[in-house]
Structures are given as structure tokens and as C-alpha cells.
Trainee: 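Please find one structure pasted underneath; my questions will follow.
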Amino acid sequence: MSETKSTEKTTENSTPTNFIRNKINQDLAEGKNDGRVHTRFPPEPNGYLHVGHAKSICLNFGIAEDYQAPCNLRFDDTNPAKESEEFARSIQEDVSWLGFEWEGEIRHASDYFDDLYNFAEELINKGLAYVDEQPAEDIAKNRGNFQTPGKNSPYRDRPTEESLELFRNMKAGKYADGQMVLRAKIDMAHPNMLMRDPVLYRIRRLHHIRTGDKWCIYPMYDFTHCISDSIEHITHSLCTLEFEVNRPLYDWVLDNISAPSRPQQIEFSRLNLAYTITSKRKLTQLVEDGKVDGWDDPRMPTIAGMRRRGYTPQSIRNFCAAVGISKVNSVTDMTLLEDAVRNDLNDTVERRMAVLDPIKVVITNYPEDKEEMLEGMNHPKIEEMGTRELPFTRELYIDRADYRESANKKYKRLVKGGEVRLRNAYVIRADEAILDENGEVKELHCTYDPDTLGKNPEGRKVRGVIHWVSAKYAKEATVRLYDRLFNVPNPGAMDDFNQALNPDSLKVIKAMVEPSVAEAEPETRFQFEREGYFTTDRYEHNADSLILNRTVTLRDSWNG
Ligand code: ATP
Ligand code: MG
């Protein structure tokens, strides 16, 4: 796999171009599909959507937005064993949260079970499908392999009437699960293994979330997918590269039934993200084994997880645009995603101060009974974002890392005898550090200069600016510091990816935050100055119990 190379060129206010859009433009110019464009996003409701699905969503719904065309949301629900209502609900929520709207009602492949059945009979009647009674092992064995052609089934040339009757009986529930299947009659020596008389229907007595117990035969994916597209009059059926080998079958089915319309399948490369996994099966395993706290654990690469972590829909959309659409498989660096998040949050969220590792500061020349209400800019560059009240008191907290007994000039923080500005407040000087029995700083005694509010002291050297909160008014908050879930670049390639789980992917600390954070609704994002971007937890945060998740650090701490 190569490094990400984007073929999609996006600049602000310009429409991206890529080979798929070029093809659509060409089709429009040639008057194909009566000048229509219609896409769809067809997830299987067997797990939560992940960042790879976001790429497909942005592609399909993005094309729909740009061409003012419809995009359907269709649940590919032909495998009742693994599907659930919870997954279906989460998928709808994720697509909406990303800011996209599907056309009309949600579709289901299962809506078309009757049509699919009738198209299967059409194939039988045309002599293009037959009921095969070979045991499953024989079917597999007789398919041959890449070197050897397959062997025709002894049932392959049975009369049409016989297949038709057996197929009707299959539907009527007269046979046991697995006793026989319906197969397309294509070519057992075809170089593409998928074309060696693929199975179209199998008998499975499974309760379906939508059709209940109406059916005991279920259509296979390859048969269902192309026909569903055709019924919905999809013009461009976009899917990932691994389906390239399925395209001849997609075309064969549509060419041999009275298809309502003739969609075209076009493949693009999957999104692979370094240091994580984008396989639903493996994500399911993480959830089921309790390695994470559910599908929406903020460490998960799921859309729900990224949301809970504080990523914005826009940042995910910008990321997908930056990755682009191509036919080259590659691995995308996590930095690209995190930078998209930082860039979006930098311009959109309010600043607050939070001290993650507090030490107490006593301003010895600030009167005991005095309190002031200072003002903090909510955004350093965007005045319209307003200001907030910041109580200033004799006792404050600053971060442990912002004080040293002595340090060289590169240390832009507080040292004994040196001065720093407290953000949005005064200049202070450190006079004395009170140590505990372990030699750690327990309390700092400082003095402040009352003439330095909003202006710098003339002719004096201030090392830097640090953040602080009032000890009296600050609120305690539980802060979850997230790091990467895996500590190897490609955990998906390991036999056991559990070996690569990062034991430090979650650290929970108690921090002291500005009082205004207590007023924030769940899912409010902030930049804690000098610390990073944080969001109040979607589910657990409230005014009495402040819970914040770290979305992303201010700078990339992995690549230095
Ligand atoms: P998984 O491999 O994780 O099980 P899937 O492809 O089986 O995913 P679906 O629910 O069938 O999951 O996916 C819905 C759509 O999303 C499909 O069109 C699929 O091609 C696309 N998709 C899935 N994973 C990715 C990915 N990593 N990058 C881009 N598109 C993806
Ligand atoms: Mg799939």
C-alpha cells in the first residue's frame, strides 16, 4: 500500500473533481439516464458506521448535493442473522448528523423480496437458473479453483419446469434449510470464479426484522444488490474496489432480467486509516469482548464514537474531501483526520481555561476579602464570539507543569523570581514555593502587579502567558484523556489485534475548570487554552457532574 495520494482537488468554494464525477459529467453530456443522476448509500445494518463509511456517505450524498440529485439510504438487509434495529437506528442518526438528507423514505432490500423472487422465476423460465440439490460441500468442491475449471452440477440441465416447481416449493417451505439452492446458469469454467453458476437463493429459516417469518428463502447479496439499484433507478452505483470482481455478475443479472433501469457500478478505493481498524467484524469483536465501552466509545473509529469524542460533522466531511476518491488503495495517516478536526474547531469553538494538574497559588498581596470579575475573550480572533466572566480571587490554580524552581530562557512559564502573565488577568511573580514531604510543590506564593490588567508592564521581562482558574469558583471536572486505541500502524493485519491495544488509550483525571463550563449543555465543544479541544460528554455530563472528553490535542503529539 502506498501513501495517500489525493486525486480529488478541493479548494474552498470549488467543486471537487475525480474520475467518478468525470464519468457522471460525461454521462450527462451524452444524455444517458435521461439526464438524471441518482446515487445511494447501501449499508448492511449489522454494526455501527465507521470512518470508512463516512467516505462513502460523503461521496454518494456529496454528489447528490452538487448535482441537485437524490441519494437513497437503503438497508441491505438480506442477512437476518446479524442485523438489528439498534444498528439501523444508529445508521440513520449518523447520516443525519453528518448533515445529509436521503431521498424520501428509507429503503430496504427486503422491500424488494417479492420483485426479487419474480426476477428469479424469470431467469428460471429463460433457462438461466436452476435448482441444485448437490450438498453444499459438493457445490464448493465442484466450483474448481483458479487453475481448474469447475464441474457442471448433475442438476444443471434439469427441465425448466422442474426447477420452477422446486423453487416454488423452496419458497413454500417444503424443504429443509440447505437442502437445495437456486443457481444462475452461467459458465462453470469462467475465469471469474463468481461467474461459475453463483448461488442466487438459499433456504434459511430465520426471522427477519422486517418481513418476519414470511420468507424461508433469502436472496444472495450479488443478486439483490444490482436489482435493488435497478428498482430504485440508481444511475451510478458506487462501491469499493473489492466489488470489482462482482461487476460482471451485476451486469449479467441486469442484462438477463427485465430490469426496470440499468445502473452502472463504479468502484473506488476503501479508506484505510493508520493505527485503527475499519472492519465491522473486528469492531464488533472489540465491543463484544468489552475492550471498549460500546460502539460509541470515543476511542472507536465509528461515526458515533467520533461524535462523542467531539469531532464535528464538518471536520469529518473536510477530511473525506482531503482524502479524495481514487482507485489506488492506500493508508491514510491519522494526522490528516486530526488536523481536519483541529482546523474546524480552531475557527468555531469558544476558549475556556482549565487546569488539568492543579497546584495552588496564593497571591499574597491581593486582599483576602477582595474578588474581581474579569472578562475573557471567547475567541482570540473572532470578536463576535463575545466574552465571558472570569472571577479572580486571592487563591488560584495553575498547572504543575507551568512552574519550575529554575529554568533557562526557553521556558516561557513561571520560575522562582520570574514573572508571567495570567491569561486575561494580571502579571504575577513567583516568590516562594512551599513543598510537601516528597519535595513536590504544594503551594506557590506569588505577588501580582495591579497595574498590569490588559496592558504589559513597561520595561519588564515577562516570560510568557499561562492559564489559571480561581480556586474559590473553579469547578471540579472529570476529564477523559484519549489516545490512540492501538499502538501499531496496521492492527487489522495482525492475527490477534488485541496484542496491539494501547494500554494508555484512556486516562481519567480530575481537573479544575472555569465556572462557566458548568453551564454548558452536553456536546458543547471548547478549546481549553494551551491544553487542547474538549467536549462535554453527550450522555454523562450535567451541571452537577462535569464530564469532558478530550477531542484532540492542540498539536500533533505523535509526529513531534
Ligand atoms: P465492513 O467491511 O466494515 O464490514 P461493509 O463494506 O461490509 O464494511 P456495508 O454496510 O456493506 O459495510 O457498507 C456500506 C457501504 O460503505 C458500501 O458501499 C461499502 O463499499 C462502503 N464502505 C465500507 N467500508 C468502507 C471503507 N473503508 N471505505 C470506503 N467505503 C466503505
Ligand atoms: Mg458490505
Trainee: Should Arg74 and Asp111 count as an ion pair when the cut-off is N to O under 4.0 Å?
Mentor: no
Trainee: Less than 4.0 Å between a side-chain N and a carboxylate O, is that true for Glu531 and Arg351?
Mentor: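 Judged by the 4.0 Å cut-off on N to carboxylate O distance, Arg351 and Glu531 do not form a salt bridge.
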Trainee: Can you classify the ring geometry of Phe392 versus Trp468 as parallel (below 30°), tilted (30 to 60°) or perpendicular (above 60°)?
Mentor: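 It falls in the perpendicular class, over 60°.
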Trainee: Could you state the interatomic distance from CG (Leu546) to CD (Glu476), rounded to the nearest 0.5 Å?
Mentor: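 So the CG of Leu546 and the CD of Glu476 are separated by 9.0 Å.
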Trainee: Taking all non-hydrogen atoms of both residues into account, name the closest pair between Met373 and Pro391 and its distance.
Mentor: SD-N, 3.5 Å
Trainee: Could you check whether Asn72 and His38, counting side-chain N and O atoms only, form a donor-acceptor pair closer than 3.5 Å?
Mentor: yes
Trainee: Please name the pair of heavy atoms, one in Ile209 and one in Ser84, separated by the smallest distance, quoted to 0.1 Å.
Mentor: CD1-C, 4.1 Å
Trainee: Could Arg40 and Glu103 be called an ion pair, given the rule that one side-chain N must be under 4.0 Å from one carboxylate O?
Mentor: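 No salt bridge links Arg40 with Glu103.
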Trainee: Answer with yes or no after comparing the ring centroid distance for Tyr221 and Phe243 against a 6.0 Å cut-off, counting only values under it.
Mentor: yes
Trainee: Centroid separation under 6.0 Å, is that true for the rings of Tyr448 and Tyr426?
Mentor: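 Yes, the ring of Tyr426 comes within the 6.0 Å limit of the ring of Tyr448, centre to centre.
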Trainee: Taking all atoms of both residues into account, what is the closest heavy-atom pair of Ala109 and Asp77, and its distance?
Mentor: N-OD1, 3.3 Å
Trainee: Look at Glu395 together with Lys472 and state whether they make a salt bridge at an N to O cut-off of under 4.0 Å.
Mentor: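 Salt bridge absent between Glu395 and Lys472.
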Trainee: Would you please say whether a donor-acceptor pair under 3.5 Å links the side chains of Glu83 and Asn79?
Mentor: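 No, Asn79 and Glu83 have no side-chain donor paired with an acceptor closer than 3.5 Å.
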Trainee: Supply the atom-to-atom distance Asp399 CG to Met353 CE, rounded to the nearest 0.5 angstrom.
Mentor: 13.0 Å
Trainee: Rounded to the nearest 0.5 Å, what's the gap from CG on Leu59 to CD1 on Ile325? Could you check?
Mentor: 4.5 Å
Trainee: Does Val513 form a side-chain contact (heavy atoms from CB on, under 4.5 Å) with Phe528? I'd like the steps, not just the answer.
Mentor: CA-CA 9 Å; Val513 301; Phe528 285 158; 4.2 Å; yes
Trainee: Is Asp449 salt-bridged to Arg460, cutoff N-O under 4.0 Å?
Mentor: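 Counted as a salt bridge, because a side-chain N and a carboxylate O are separated by less than 4.0 Å.
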Trainee: Go through it in stages, so that I can follow the logic: the residues are His467 and Arg530, the test is side-chain hydrogen bond (donor to acceptor under 3.5 Å, both in side chains), and I'd like the CA-CA distance, side-chain angles, deciding distance and then a yes or no.
Mentor: CA-CA 8 Å; His467 59 278; Arg530 301 176 64 233; 3.0 Å; yes
Trainee: Within this structure, what is the OG1-CD1 distance for the pair Thr235 and Ile24, rounded to the nearest 0.5 Å?
Mentor: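 So the OG1 of Thr235 and the CD1 of Ile24 are separated by 6.5 Å.
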Trainee: Quick one: side-chain hydrogen bond (donor to acceptor under 3.5 Å, both in side chains) pairs with a partner in residues 504-516, sequence neighbours left out?
Mentor: Arg299-Ser505, Arg352-Ser516, Arg388-Glu514, Thr478-Lys510, Glu514-Ser516
Trainee: Do NZ/NE/NH1/NH2 and the carboxylate oxygens of Lys23 and Asp27 come within less than 4.0 Å?
Mentor: yes
Trainee: Ring centroids only, cut at 6.0 angstrom: are Trp295 and Phe87 within range, meaning strictly under it?
Mentor: yes
Trainee: Heavy atoms only: give me the nearest Lys282-Gly492 pair and the separation to one decimal.
Mentor: NZ-O, 2.8 Å
Trainee: Run the numbers on Gln265 and Glu267 for side-chain hydrogen bond (donor to acceptor under 3.5 Å, both in side chains), then give the verdict.
Mentor: CA-CA 7 Å; Gln265 175 178 308; Glu267 307 86 16; 3.0 Å; yes
Trainee: Ignoring hydrogens, what is the shortest heavy-atom contact between Ala54 and Ile316? Give both atom names and the distance.
Mentor: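 Smallest interatomic distance, heavy atoms only, reads CB-CG2, 3.9 Å.
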Trainee: Considering only NZ, NE, NH1 and NH2 on the basic side and carboxylate oxygens on the acidic side, decide whether Asp296 and Arg538 come within less than 4.0 Å.
Mentor: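 No, this pair does not count.
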Trainee: Counting N and O atoms only, with roles assigned by atom type, does the side chain of Ser315 sit under 3.5 Å from a partner on the main chain of Tyr311, one being a donor and the other an acceptor?
Mentor: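 Side chain of Ser315 to backbone of Tyr311: no pair is present.
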Trainee: Does the plane of the ring in His50 sit parallel, tilted or perpendicular to the ring in His53? Use 30° and 60° as the thresholds.
Mentor: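 Tilted.
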Trainee: About how many Å separate CG of Leu481 and CG of Leu506, when rounded to the nearest 0.5 Å?
Mentor: 8.0 Å
Trainee: Would you call Arg463-Glu419 a salt bridge at under 4.0 Å N-O?
Mentor: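 Salt bridge flag = no for Glu419 with Arg463.
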Trainee: Given side-chain hydrogen bond (donor to acceptor under 3.5 Å, both in side chains), test Asn549 with Thr535 step by step and report yes or no.
Mentor: CA-CA 5 Å; Asn549 304 330; Thr535 186; over 6 Å; no
Trainee: Looking at residues at least two apart in the chain, or sitting in another chain, which of them share a side-chain hydrogen bond (donor to acceptor under 3.5 Å, both in side chains) with Glu540?
Mentor: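 In terms of side-chain hydrogen bond (donor to acceptor under 3.5 Å, both in side chains), with neighbours along the sequence ignored, Glu540 is linked to Arg308, Arg480.
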Trainee: Is Arg400 salt-bridged to Glu440, cutoff N-O under 4.0 Å?
Mentor: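 Result for this pair is yes, salt bridge flagged.
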Trainee: Could you check whether Asp229 and Ser237, counting side-chain N and O atoms only, form a donor-acceptor pair closer than 3.5 Å?
Mentor: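 There is such a pair between these side chains.
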